[in-house]
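One-based numbering, in listed order, for ligands and for the atoms of each.
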Amino acid sequence: MKSGRSKLDKWDDLHMQVFNKPTPNEIKIAAKALKDGNLVAFPTETVYGLGGDALNEKAVRRIYLSKGRPLDHPLIVHISSIDLINEWAIDIPKYALELANEFWPGPMTLILKRNYLAKNFITGGQDNVGLRVPAHPVAIALLKRFEEIGGFGVAAPSANRFGAVSPTTVAAVSEELSEYLGQQDLILNGDQCKIGIESTIIDCTKNNPAILRPGAITHKMVKSTISIDVTFDQGRKIVKSSGLLDSHYSPKTKVLLNKEPSPGDGLLAMDNVLTPIGVIRLASPKTIEQYAMVLYEAFRSGDQKGVKRIIVIPPEGDGIAVGIRDRLLKASAG
Ligand code: TXA
Ligand code: MG
């Protein structure tokens, strides 16, 4: 756990229960809590999600209320394997199945034409549904157990207030949502998320796929898996998608890109960039993968340390750097 979080080390102060490194029995308890209509925040390899039974309208309503998210922004349904895909989606193009087979479990969400399980309260009234099989062992164990007791999928947006930075640690989940969760709700602690930015979202409702939100599954990886063209098209207006809003993923402190930092500012940049005197270094990742992993924690530490502004030197290049720059542009907008 990072320093400066000591107030959150005392989990007893919180309303909901936290299971640290959950045992199989605690996973069972969490799955049952979901089945009973409660909310369970859980780790994925990208960011923490705030989970609820995707077939339970009341539970889903509570997710929206806890996040303060508009009701017409759809939620991603998480399933334990591709086996449940046909319950949620219909008319699935061949390329989408190829992507699912290649990258699930993993940091990729497919937008597909919805089938009977995907009700309006999940899809924001749209005709399509977002599906993902996450790779984190705690997430997979939870989803498997939930399905064993009759569940079909767990709706889970990132476990933060609407417009704020996604949580990549359990302390960040508590900071964001502890006020809004109740005694029946749970948080599963699975350590810091390894990827650190949200899944790649790919629209698979048309003849050709389009990447709507870049992430760890890159354009190049998608292109080399399927034989048809994939566009990078965040402007494809098929959907209401909050992550696609111009301003999102923002800390409270103002974020500025490629500016000279002054004393009192926070700085996030690759480790070859020096820290000027009086500037507070927020992170010094050595690789772009590390950059993604520490990005949101660096934003949070900027807020906590009360820096004047957060100055960011974005990473260059392809791969996950594309997703990082996307989040940085949104964090610095508005
Ligand atoms: O990595 C992730 O995707 C994380 C983890 C928890 O799985 N989840 C996540 O969910 O980032 P969320 O709701 O914070 O962001 C998902 C984005 C939102 O902008 C949402 O509007 C969009 O995906 N989305 C979800 N379902 C959609 C659909 N059927 N059509 C279009 N956009 C959709
Ligand atoms: Mg989100």
(request) With heavy atoms of V129 as the reference, note each atom of ligand 1 found under 4.0 Å away. (result) 29 (N)
(request) For S158, counting its heavy atoms only, list the atoms of ligand 1 lying under 4.0 Å from any of them. (result) 8 (N), 9 (C), 10 (O), 12 (P), 14 (O)
(request) Output the list of atoms in ligand 1 that are nearer than 4.0 Å to some heavy atom of S199, sorted by atom number. (result) 1 (O), 2 (C), 3 (O)
(message) Any heavy-atom pair between the side chains of E147 and I79 that's under 4.5 Å?
(response) yes
(message) Considering M108, K113, R213, E45 one by one, which has a heavy atom nearer to atom 16 (C) of ligand 1 than any of the others?
(response) R213
(message) Polar contacts were defined as any N/O atom of the residue lying under 3.5 Å from an N/O atom of the ligand; does this apply to E198 and ligand 1?
(response) no
(request) Give yes if a backbone or side-chain nitrogen or oxygen of T44 is under 3.5 Å from a nitrogen or oxygen of ligand 1, and no if not. (result) no
(request) Could you tell me whether the side chains of T109 and S199 share a donor-acceptor contact shorter than 3.5 Å? (result) yes
(message) Any heavy-atom pair between the side chains of L112 and W88 that's under 4.5 Å?
(response) no
(message) Distance under 4.0 Å to a non-hydrogen atom of G49: what atoms of ligand 1 satisfy this?
(response) 6 (C)
(request) Check whether any side-chain heavy atom of P276 lies under 4.5 Å from a side-chain heavy atom of L267, and answer yes or no. (result) yes
(request) Return the option from I201, L110, L75, D72 holding the heavy atom at the smallest distance from atom 23 (O) of ligand 1. (result) I201
(request) Could you check which of D127, D203, N160, T46 puts a non-hydrogen atom nearest to atom 1 (O) of ligand 1? (result) T46
(message) Minimum distance, heavy atoms only, to atom 7 (O) of ligand 1: which one of H78, R69, H73 is it?
(response) H78
(request) Spell out, yes or no, whether I85 and F103 are grouped together once hydrophobic residues are joined by side-chain heavy atoms under 4.5 Å, including indirect joins. (result) yes
(message) Is it the case that ligand 1 has an N or O less than 3.5 angstrom from some N or O of Y48?
(response) no
(message) If we count only N and O atoms by modelled type, under 3.5 Å, do the side chains of D203 and T205 hold a donor and an acceptor together?
(response) yes
(request) Give a yes/no answer: is there an N/O/S atom of N160 under 2.8 Å from the Mg ion (ligand 2)? (result) no
(message) Using a 4.0 Å cut-off to any heavy atom of I111, which atoms of ligand 1 qualify?
(response) 27 (C), 28 (C), 30 (N), 31 (C), 32 (N), 33 (C)
(request) Please say which of K305, R309, K254 ends up in a salt bridge (charged side-chain N to carboxylate O under 4.0 Å, His left out) with D265. (result) R309
(request) Determine, step by step, whether Q17 and E26 satisfy the side-chain hydrogen bond (donor to acceptor under 3.5 Å, both in side chains) criterion, reporting the C-alpha distance in whole Å, the side-chain angles of both residues, the deciding distance to 0.1 Å, and the verdict. (result) CA-CA 11 Å; Q17 233 189 314; E26 287 169 335; over 6 Å; no
(request) For residues F162 and H73, establish whether the separation of their ring centroids is below 6.0 Å. (result) yes
(message) Tell me the contacting part of N128 for ligand 1: side chain, backbone, both, or neither, using a 4.0 Å heavy-atom threshold, strictly below.
(response) both
(request) Would you check whether P134 reaches within less than 4.0 Å of ligand 1, judged by its heavy atoms? (result) no
(message) Side chain, backbone, both or neither: which applies to A156 and ligand 1 if a contact is any heavy-atom pair less than 4.0 Å apart?
(response) backbone
(message) With a 4.5 Å cut-off on side-chain heavy atoms, are L295 and L268 touching?
(response) yes
